[in-house]
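Input: a single structure, listed below in structure tokens.
All chains are named by letter (A, B, ...) in the order of the sequence lines, taking the proteins before the strands, and each is independently numbered beginning at 1.
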Amino acid sequence: MSELLLHVKGLSCERDDRMLIRDLAFDLHGGEILQIEGPNGSGKTTLIRILCGLSDDYEGELHWRGQPRHRNDDRFRQEHLYFGHLTGIKTSLSPRENLRWILQLKGVGERGPALDTAIETALEKVGLASYEDVPVYALSAGQKRRVALARLQVEPALLWVLDEPFTAIDRKGVAELEALIQQHASRGGSVLLTTHHALDIPGLRKLQLGLGGGQWALN
Amino acid sequence: MFATIKRLYHQFGSPRYFYDMTGKMLPWLIAGAVLLIIPGIVWGLAFAPPDYLQGNSYRIMYIHVPAASLAMGAYVMMAVAGVVVLVWRMKMAEMVARSIAPIGASFAFLCLITGAIWGKPTWGTWWVWDARLTSMLILLFLYIGVMALNMAIENAQSAARATAVLSIVGAVNIPIIKYSVEWWNTLHQPASISMTSSSMATEMLIPLLLCIFGFYFLFAVLLIMATRCEILQREQRSNWVRQLVENN
Amino acid sequence: MGTELNPAAVNPAVVKPPSMAQGFNAMLRRDLVVAFRQRSDLVNPLFFFIMVIALFPLGIGPEPSTLQKIAPGVIWIAALLSTLLSVDSLFRQDFDDGSLELALLSPQPLFVLVLGKIIAHWLVTALPLILVSPVLGVMLYMDADTIQATLCSLLLGTPVLSMISAIGAALTVGLRKGGVLVAIIALPLYVPVLIFGTGAVEAASMSMAFGGQLAILGAFLILALAFAPFAIAAGLRISLNG
């Protein structure tokens with residue numbers, strides 16, 4: 001078995017006096033893909049926001065690579081990638097500028113030409129080869145989404161936390177993204193994602209959240 | 001000593017314990033407030049000697065000064081509760097901090113009103129941009145900001161944390177604001193009559209001290225009552241509150 | 001091709017721990033570029049500042065002695081209001097497009113990124129206003145010394161105003177109706193800056209030394225630089241948590 005990355009035990013979350021998640025437990029190893037499923041209001045996004053560190057309204061254990069996450073927070077920030085409903089792409093900047101900013105925040109050491117070639121390759125892979133320097137507001141909704149997805153090509157991270165990554169992309173894009181997720185897992189990374197898509201990925205694990213917080217199932 | 005503090009902290013951190021305990025304390029605090037304020041006010045208004053400069057008009061001091069001291073003290077308390085909210089994530093401190101703001105604002109308002117009433121015979125106008133009154137006005141504005149922020153955020157916990165940050169920032173600024181206003185005041189209005197004379201006769205001072213202590217008891221009573229309401233509201237889904245409602 | 005930039009870099013150990021300067025520069029540069037692409041944000045606070053000041057003589061009368069007397073207060077209050085107007089957009093756009101979430105989750109300390117953002121915001125919204133203030137000073141019959149004091153006091157004071165209003169903006173960024181609330185939160189906290197800012201200008205207009213007031217403004221600036229970024233970062237975390 002590969003390394004245990006994320007360890008969750010007894011995780012509960014209460015919001016506005018309503019139990020949203022109760023006593024949740026799961027482990028995520030390197031190479032695993034976990035899909036979080038559930039009806040609207042079952043706390044998928046809340047769970048994602050807790051797991052990636054945006055929200056700290058939870059009780060219970062949350063470990064990253066063998067240590068409580070609040071204690072190796074710096075490492076977790078360095079090693080995960082969060083892709084949310086809002087993509088963090090600025091429409092007045094070009095795809096190149098957007099990606100460069102994201103990579104700089106992540107502390108990617110490359111500078112100048114090396115960084116530029118890496119970004120160009122990533123944009124080419126998501127089908128935006130000649131759009132590197134077009135302002136994002138001039139792109140279509142699907143293309144905007146692809147700019148954000150180019151992060152997955154170029155941003156170094158061990159754990160991908162993806163909240164509804166398949167929104168607004170076409171069928172070909174879905175297939176490419178599925179392949180990318182599998183590729184990431186095969187290289188030892190792991191992926192946590194929510195989606196309503198029926199995913200065609202062998203070895204996919206599912207975490208089923210129910211309404212009312214009490215019920216959840218892992219298979 | 002430290003162990004006792006820790007135990008008390010954990011006990012009062014539980015809303016249920018706080019509710020039960022303060023229920024028992026409340027009659028004593030009310031008695032304390034009555035026993036201090038009534039003699040203090042009667043003594044101050046009827047028996048203390050008139051001031052040689054201001055005559056009888058100074059007697060409003062027996063309300064003005066305690067209100068001023070509480071308005072300031074309550075803000076500092078709110079900031080301390082804010083630190084507890086942010087550092088230890090204590091739910092009880094959230095409720096206390098939320099309850100303090102309107103009470104402190106009321107005392108600041110009372111202080112401004114009594115100051116205006118006092119100002120009329122002393123300066124001949126209802127309002128003078130006196131350093132103390134101006135600082136108190138800005139303190140009232142700070143309270144208003146805290147209350148506005150608290151009301152604007154729907155989620156009780158986020159509201160408590162956001163107001164905690166603001167009240168701490170405010171508390172850090174209070175001395176700076178006070179100093180600035182005093183500087184500004186000496187610049188623009190040299191030599192105005194200070195309302196409280198620096199040396200006060202013992203016959204005037206004792207009732208004033210009674211009133212100040214009495215007001216602190218009154219503040220404690222108000223704060224506990226407001227916090228108890230807050231507890232019932234926040235904990236309305238819990239079993240003990242339901243039982244409490246059924247039994248009454 | 002970068003050595004380890006592809007998904008081959010599943011193991012991020014190869015990535016250097018981020019330097020604070022890198023995060024600060026990235027934030028500062030991005031915000032400046034965005035501001036220059038959306039020029040209305042750049043010029044609106046400036047026009048507001050000019051118009052408010054131009055309205056005072058119309059409301060009070062063109063008497064030079066009156067205008068001279070109220071000029072310090074007018075310029076400072078106009079600067080304060082235009083800071084307040086522009087600050088609502090400081091975090092709002094980043095909140096709406098999600099880049100605030102990315103900044104919060106990045107390995108960079110949030111207060112460093114916040115500092116970069118505020119400096120960019122100050123350069124874009126407050127600096128132009130300071131640069132035109134001499135012209136407005138002439139229109140309000142200020143003499144050369146007074147104009148110099150105005151410039152210096154605005155240079156030292158407006159960054160403090162930006163920091164204070166950023167605290168308000170950070171605490172209210174999660175709310176749809178932020179505007180007036182930020183004003184109510186921030187205005188009382190502006191008082192010391194307003195007092196010493198106008199104090200410096202007034203002293204200069206009476207041909208007195210104004211170094212003391214400027215020194216106090218400088219002290220406020222140091223305090224704000226040292227503490228405000230932490231309060232702002234805490235506020236942003238709370239706003240994004242909810």
Is it the case that atom [atom1] in [X] sees more than 12 heavy atoms from other parts of the structure closer than 6.0 Å?
{"X": "C/F227", "atom1": "CZ", "result": "no"}
{"X": "B/F109", "atom1": "CZ", "result": "no"}
{"X": "C/K69", "atom1": "NZ", "result": "no"}
{"X": "B/Q236", "atom1": "CD", "result": "yes"}
{"X": "B/M225", "atom1": "CE", "result": "no"}
{"X": "B/W127", "atom1": "CH2", "result": "yes"}

* Asked: Who wins among C/T172, C/I167, C/I195, C/I164 for the most heavy-atom pairs under 4.5 Å with chain B?
  ->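 The residue among C/T172, C/I167, C/I195, C/I164 with the greatest pair count is C/I195.
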Q | Top of C/L181, C/T198, C/L223, C/I216 for chain B proximity - count of heavy-atom pairs under 4.5 angstrom | A |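 Most heavy-atom pairs under 4.5 Å with chain B: C/L181.
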| Pairwise side-chain contact, B/W184 with C/F196, heavy-atom cut-off 4.5 Å (strictly under) |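 The answer is no, as the side chains (C-beta and beyond) never meet within the 4.5 Å cut-off.
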query = Are C/L187 and B/F141 side-chain neighbours, meaning at least one heavy-atom pair lies under 4.5 Å?
reply =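 No; the side chains remain at least 4.5 Å from each other.
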Hey, what do you get for [atom1] ([X]) to [atom2] ([Y]), rounding to the nearest 0.5 Å?
{"X": "C/L189", "Y": "B/L166", "atom1": "CG", "atom2": "CG", "result": "6.5 Å"}
{"X": "B/L149", "Y": "C/I184", "atom1": "CG", "atom2": "CD1", "result": "10.5 Å"}
{"X": "B/I153", "Y": "C/L171", "atom1": "CD1", "atom2": "CG", "result": "7.0 Å"}
{"X": "C/L240", "Y": "B/S158", "atom1": "CG", "atom2": "OG", "result": "10.5 Å"}

task: Would you please test B/I176 and C/F220 for side chain to side chain contact (heavy atoms under 4.5 Å, CB included) and show each step?
output: CA-CA 9 Å; B/I176 301 176; C/F220 289 162; 3.4 Å; yes
Item to complete: Please report the C-alpha distance between C/I185 and B/V146 in whole Å, then the side-chain angles of each, then the deciding distance to 0.1 Å, and finally whether the side chain to side chain contact (heavy atoms under 4.5 Å, CB included) criterion is met.
Response: CA-CA 7 Å; C/I185 289 172; B/V146 168; over 6 Å; no
Taking all atoms of both residues into account, what is the closest heavy-atom pair of [X] and [Y], and its distance?
{"X": "C/I238", "Y": "B/A162", "answer": "CG2-N, 3.8 Å"}
{"X": "C/L175", "Y": "B/A152", "answer": "CD2-O, 3.4 Å"}
{"X": "B/V165", "Y": "C/A234", "answer": "CG2-CB, 4.2 Å"}

Top of B/I138, B/I144, B/L137, B/L139 for chain C proximity - count of heavy-atom pairs under 4.5 angstrom |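 Most heavy-atom pairs within the cutoff with chain C belong to B/I138.
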Residues C/N241, B/R161; criterion side chain to side chain contact (heavy atoms under 4.5 Å, CB included); working and verdict:
CA-CA 10 Å; C/N241 199 349; B/R161 288 180 191 167; 3.3 Å; yes
Please look at B/L86 and chain C and tell me whether the side chain, the backbone, both or neither of the residue comes under 4.5 angstrom of a heavy atom of that chain.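 Contact with chain C is through the side chain of B/L86 alone.
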Could you go through C/V191 and B/N173, starting from their C-alpha distance and side-chain angles, then the distance that decides it, and tell me whether this counts as side chain to side chain contact (heavy atoms under 4.5 Å, CB included)? CA-CA 10 Å; C/V191 168; B/N173 268 282; over 6 Å; no
